[in-house]
Amino acid sequence: MSTALVIGLGDMGERVAAGLAASGFVRRLVIASRSERNVHQAAAVIASAADCLVEAAPLDATRLDDVAALLDRVRPDVVVQCASLRSPWGLAERDDPAAHAVVSAGLALRLPYQVPVVLNVMRAAKEVGLAAPVANLSIPDVTGPVLERIGFAPALGLGNAGMMQRRASAALRAEAGGACRRWSASSATTRSSPVS
């Protein structure tokens, strides 16, 4: 792969970008985020530890024309879409009544924060004739089917199941005092509990 574009530099976006840069498969990595200061800082940090060209691209991904212009200029071989209007993890650290209300409402309230950006990315890709695959990391288990229904499904979705597995395993290890073995889908069918 020659050129990768990562849109959205929250925790997951930065990790994906750093991983791509270190992979040896990417010659040019373009990272895009709405915060100009953050995107330039992230690009400098990633470039300092990578053997590829890392470019910062300030981008408001809610603006379809801006996303289309970036896709057309960069012409990436793959797009990794990590952006959303609000991180699904952003409320986890808060302890105020509004945060509790949103979290307890579940996906019904969170989905509108996830769909608009990935929909813009998919529309922009179609508009500029970009054939590169788009990987969506913005609650793909839910946003993917929604976008597929309206004809804008990304090539693949990544993230949720693996992240939840790691968090559940970590919580179980902590609860068991570190005596928890790694949980996997195959162990779930053969054991009633992932705790050894």
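These numbers come from the heavy atoms of this one structure, side chains and all, not from hydrogens, waters or symmetry mates.
The structure places OG of Ser84 at 12.5 Å from CD1 of Ile7, a figure rounded to the nearest 0.5 Å. The line from CG of Leu5 to CD of Glu55 is 10.0 Å long, rounded to the nearest 0.5 Å. Of the inter-residue distances, the one linking Met122 atom CE with Ile150 atom CD1 reads 10.0 Å to the nearest 0.5 angstrom. In this structure, the separation between OG on Ser35 and NE2 on His40 is 9.0 Å, given to the nearest 0.5 Å. In this structure, the separation between NZ on Lys126 and CZ on Phe152 is 4.5 Å, given to the nearest 0.5 Å. For the atom pair CD1 (Ile31) and SG (Cys82), the distance works out to 11.0 Å, reported to the nearest 0.5 Å.
Counting all heavy atoms, side chain and backbone alike, Ala50 lies closest to Ala21 at CB-CB, 3.5 Å. Between Val121 and Leu71, the closest heavy-atom pair is O-CD1, 3.9 Å. Closest approach of Ala155 to Pro133, counting heavy atoms only: CB-CB, 3.8 Å. Considering all non-hydrogen atoms of both residues, Val45 and Ser48 come closest at O-OG, 2.6 Å.
Residues forming a side-chain contact (heavy atoms from CB on, under 4.5 Å) with Asp72 (at least two apart in sequence, or on another chain): Arg75, Val128. Under the side-chain hydrogen bond (donor to acceptor under 3.5 Å, both in side chains) criterion, Asp95 pairs with His100, sequence neighbours left out.
Using a distance-only test at 3.5 Å, with no hydrogens or angles considered, no donor-acceptor pair links the side chain of Asp60 to the main chain of Arg34. Checked by atom type and distance alone, the side chain of Asp66 never pairs as donor or acceptor with a backbone atom of Leu59 at under 3.5 Å. Judged purely by atom type and a 3.5 angstrom limit, Asp77 has no side-chain atom pairing as donor or acceptor with the backbone of Ala4.
Applying the side chain to side chain donor-acceptor pair (under 3.5 Å) test to residues at least two apart or on different chains, the pairs with a partner in residues 127-136 are Gln81-Asn136, Asn136-Thr143.
By the 4.0 Å N-to-carboxylate-O rule, Asp65 lies too far from Arg63 to be salt-bridged with it.
Around atom CD of Glu148, no more than 12 heavy atoms belonging to other residues, nucleotides or ligands sit under 6.0 Å away.
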